[in-house]
Amino acid sequence: MTTPRSDDATGTPIDDVTPVEPAAPAPAVTTPVELRRVVSGSLVGTALEWYDFFIYGTAAALVFNVLFFPQSDPAVGTLTAFATFGVGFVFRPLGGILFGHIGDRIGRRETLIITTLVMGVSTGVIGLLPTYDSIGAWAPVLLVLLRVLQGLGAGAEFGGASTLLAEHAPAHRRGFYTSFAQTGVQIGLVLGTVAFLLVGMLPDEQLFSWGWRVPFLVSFLLIAVSLYVRLRVAESPVFRALTAGQQVVKAPVLEALRRYPRNLLIGIGAHIADTAAVYLYATFTVSYATGTLGIPRGTVLTGVIVFGVVVIILQPVYGALSDRIGRRPLNIFSVVFTAAFAFPYFLLLRTEEPVLVVLAFVVATAFGLAPMIAVQPAFYAELFGARVRYTGFATSREIGAALAGFTPLVAAALVSAAGGAPWLVAGYLIVLCLISLVAFVAAPEMKDIDIAAAGPAGDR
């Protein structure tokens, strides 16, 4: 269904149309107490679930090449470990479609409870797996299967948490409040890295025998915490209004494809650069700096922790800024900076000076990655109408993640091909940034849309 738009001043029709959701009862206003509960629930929930997802990447960089993929050539084992890391990204779009469908059909809150269980249990079981030395080829097979489950859960987690926040938040502060979903992701990164920094202090014999299991087994405890906070969160008022007005659609994926094809493409392209950047910084760099450059493991993991802390501090700042100047300017600035800093980032790493290594992480994060991902929850929530928001958000974003999720594997292969030099990796990051730049330029400014009903002004 479409409706002509007209100039507010003259009433003259404009040759453009925008999808309009069928009328539904006005959503209830979220009280300040409820809003704080939603923010804390999204923050804690995303932190714990992404802790689960990120510790796999750190383990792939540090121990899985030896424990699950032993090879005569260590580089081959590392490549194989990173390949299984990428498997999670292959299944993230399927998780987005599957759980997005559930979220648009039965509710955002209930779906997030399901994803908490999927992520928590699959991660905890990884910590119980026998290694290659114990059961041979079955060890990597079981590891990959559990990584698949992680991918399915992760594919729905961020989209669901961000949708819930966006639909509870006041319109004029949507960027600020939704940024806490991304803050939770970075808290998960820091927690996961700290966990491996601590077990990494163990002698190698203990680290490779039992120490690596501890961060995964902790996930069993975190399930209870995450469920506790999420069960106290109210369902989205926008979804409750859709249900009351019988406006829930039967096939959200088909509806999203029919009504929002352009915005699905924008959503796919928009998530390529930041996916590549975050896993290049937080996962590939750990392997490259410790293995190729010989930088101490503790120095590199400290850099990753500082990287995560900087993002955590800046997320609400950039989120609030986007409420003032818009999502589009911050997206364009951050992706251009990320591309411009690709070569300087590796130049700083190659000095092998601890201060300069940490500086590389800080600069790349503060001006490149942080603004782009702070804006992301609101940006994606505003791309789609209320009836298909969870599905459109999760599907488009996770397809973009899948396209860039093999970045650690590609980067490791490029370094190997270049004899240890990182310049091909820098060029690869620049190319991916250009793809996302096209998406951000094509996206209209959407911070002022009615998130309870209307589709974005730029969709045709």
Side-chain angles (χ1 to χ4, degrees), residues 35 38-54 57 92 96 108 112 115 119 154-169 173-193 226 229 267 270-279 281-282 304-305 307-323 326-328 330-331 333-335 338 361 364-383 389-390 393-394 396-398 400-401 404-405 436 440 447:
L35 185 56
V38 173
V39 170
S40 62
S42 295
L43 185 68
V44 173
T46 53
L48 299 185
E49 290 212 31
W50 285 91
Y51 164 87
D52 292 345
F53 196 78
F54 279 125
R92 276 172 61 171
R108 292 47 162 137
L112 287 172
T115 63
M119 283 290 287
E157 166 58 32
F158 187 79
S162 299
T163 295
L164 193 63
L165 273 171
E167 293 179 348
H168 273 286
R173 302 198 71 191
R174 189 182 303 135
F176 171 75
Y177 281 110
T178 57
S179 71
F180 285 98
Q182 193 63 261
T183 302
V185 174
Q186 301 310 312
I187 291 174
L189 169 64
V190 171
L191 290 177
T193 308
S226 187
V229 289
H271 194 41
I272 288 176
D274 72 278
T275 298
V278 72
Y279 291 108
Y281 301 148
V304 175
I305 292 170
F307 155 93
V309 170
V310 169
V311 175
I312 290 167
I313 294 171
L314 292 178
Q315 292 308 276
V317 176
Y318 282 125
L321 182 60
S322 78
D323 285 326
R327 326 301 185 204
R328 194 169 182 265
L330 281 176
N331 277 330
F333 166 79
S334 60
V335 77
T338 298
F361 281 106
T365 303
F367 302 104
L369 187 64
M372 189 167 17
I373 62 177
V375 173
Q376 193 176 98
F379 173 81
Y380 275 92
E382 293 161 354
L383 278 174
R389 177 164 294 121
Y390 197 152
F393 187 139
S396 63
R397 181 180 183 272
E398 301 311 329
S436 289
F440 291 139
K447 74 181 182 70

Point to revise | G159 backbone acceptor or donor facing S162 side chain under 3.5 Å | key: no

Review point. Which atoms form the tightest heavy-atom contact between A161 and S42, and what is the distance?
Key: O-OG, 3.7 Å

Point to revise | Shortest non-hydrogen separation from A270 to Y380 and the atoms involved | key: CB-OH, 3.6 Å

Review point. Does atom CZ of F367 have more than 12 heavy-atom neighbours, drawn from other residues, nucleotides or ligands, at distances under 6.0 Å?
Key: no

Check your understanding: When rounded to the nearest 0.5 angstrom, what distance separates OG1 in T178 from CG in D323?
Key -> 7.5 Å

Practice item. Decide yes or no for V375 and Q182: does some side-chain heavy atom of the first lie under 4.5 Å from some side-chain heavy atom of the second? Key: no

Review point. If only atom types and distance count, is the side chain of R174 paired as donor or acceptor with the main-chain N or O of A169 below 3.5 Å?
Key: no

Practice item. Write down the atom of A47, the atom of I187, and the distance for their closest heavy-atom approach. Key: CB-CG2, 3.8 Å

**Study point:** Closest approach of R389 to A381 (non-hydrogen atoms, all atoms of both residues)
**Key:** NE-O, 2.7 Å

Practice item. May I have the step-by-step check of side chain to side chain contact (heavy atoms under 4.5 Å, CB included) for E382 and R327, ending in yes or no? Key: CA-CA 10 Å; E382 293 161 354; R327 326 301 185 204; 2.7 Å; yes

**Study point:** Check: Q186 side chain, G308 main-chain N or O, donor-acceptor pair, under 3.5 Å
**Key:** no

Review point. Counting only N and O atoms by type, is there a donor-acceptor contact under 3.5 Å from the side chain of S436 to the main-chain atoms of A273?
Key: yes

Review point. What residue among T163, L164, T46 forms side-chain contact (heavy atoms from CB on, under 4.5 Å) with L112?
Key: L164

Check your understanding: Could you go step by step and tell me if V39 and Y177 meet the side chain to side chain contact (heavy atoms under 4.5 Å, CB included) rule?
Key -> CA-CA 7 Å; V39 170; Y177 281 110; 3.7 Å; yes

Exercise for review: Please test K447 against R328 for side chain to side chain contact (heavy atoms under 4.5 Å, CB included), starting from the C-alpha separation and ending with a verdict.
Suggested key: CA-CA 9 Å; K447 74 181 182 70; R328 194 169 182 265; over 6 Å; no

Review point. When rounded to the nearest 0.5 angstrom, what distance separates CG in L321 from OG in S179?
Key: 11.5 Å

Point to revise | Side-chain heavy-atom pair V185, L189 within 4.5 angstrom cut-off | key: no

Study note, to complete from the structure: Scanning both residues in full, the closest heavy-atom pair of V190 with V309 reads CG2-N, 3.8 Å

Check your understanding: What distance separates H271 NE2 from R92 CZ, expressed to the nearest 0.5 Å?
Key -> 5.0 Å

Check your understanding: How long is the span from the OG1 atom in T338 to the CZ atom in F333, to the nearest 0.5 Å?
Key -> 9.0 Å

Check your understanding: Got a second to check how far L165's CG is from F176's CZ, nearest 0.5 Å?
Key -> 11.0 Å

Revision key, fill the gap. Value for CG (L43) from CD1 (I312), rounded to nearest 0.5 Å, stands at 8.5 Å

Exercise for review: Locate the shortest heavy-atom distance separating G368 from S334; write the atom from each residue and the value.
Suggested key: O-CB, 3.0 Å

Review point. Is there a donor-acceptor pair closer than 3.5 Å between any side-chain N or O of Y390 and the backbone N or O of A156?
Key: yes

Point to revise | Sidechain-backbone polar pair: Y281 side chain, F361 backbone, donor-acceptor under 3.5 Å | key: no

Exercise for review: Would you check if P316 and T183 make a side-chain contact, meaning some heavy-atom pair closer than 4.5 Å?
Suggested key: yes

Review point. Can you check whether P377 reaches F158 side chain to side chain, under 4.5 Å on heavy atoms?
Key: yes

**Study point:** Full working for side chain to side chain contact (heavy atoms under 4.5 Å, CB included) between V278 and F307
**Key:** CA-CA 10 Å; V278 72; F307 155 93; 3.9 Å; yes

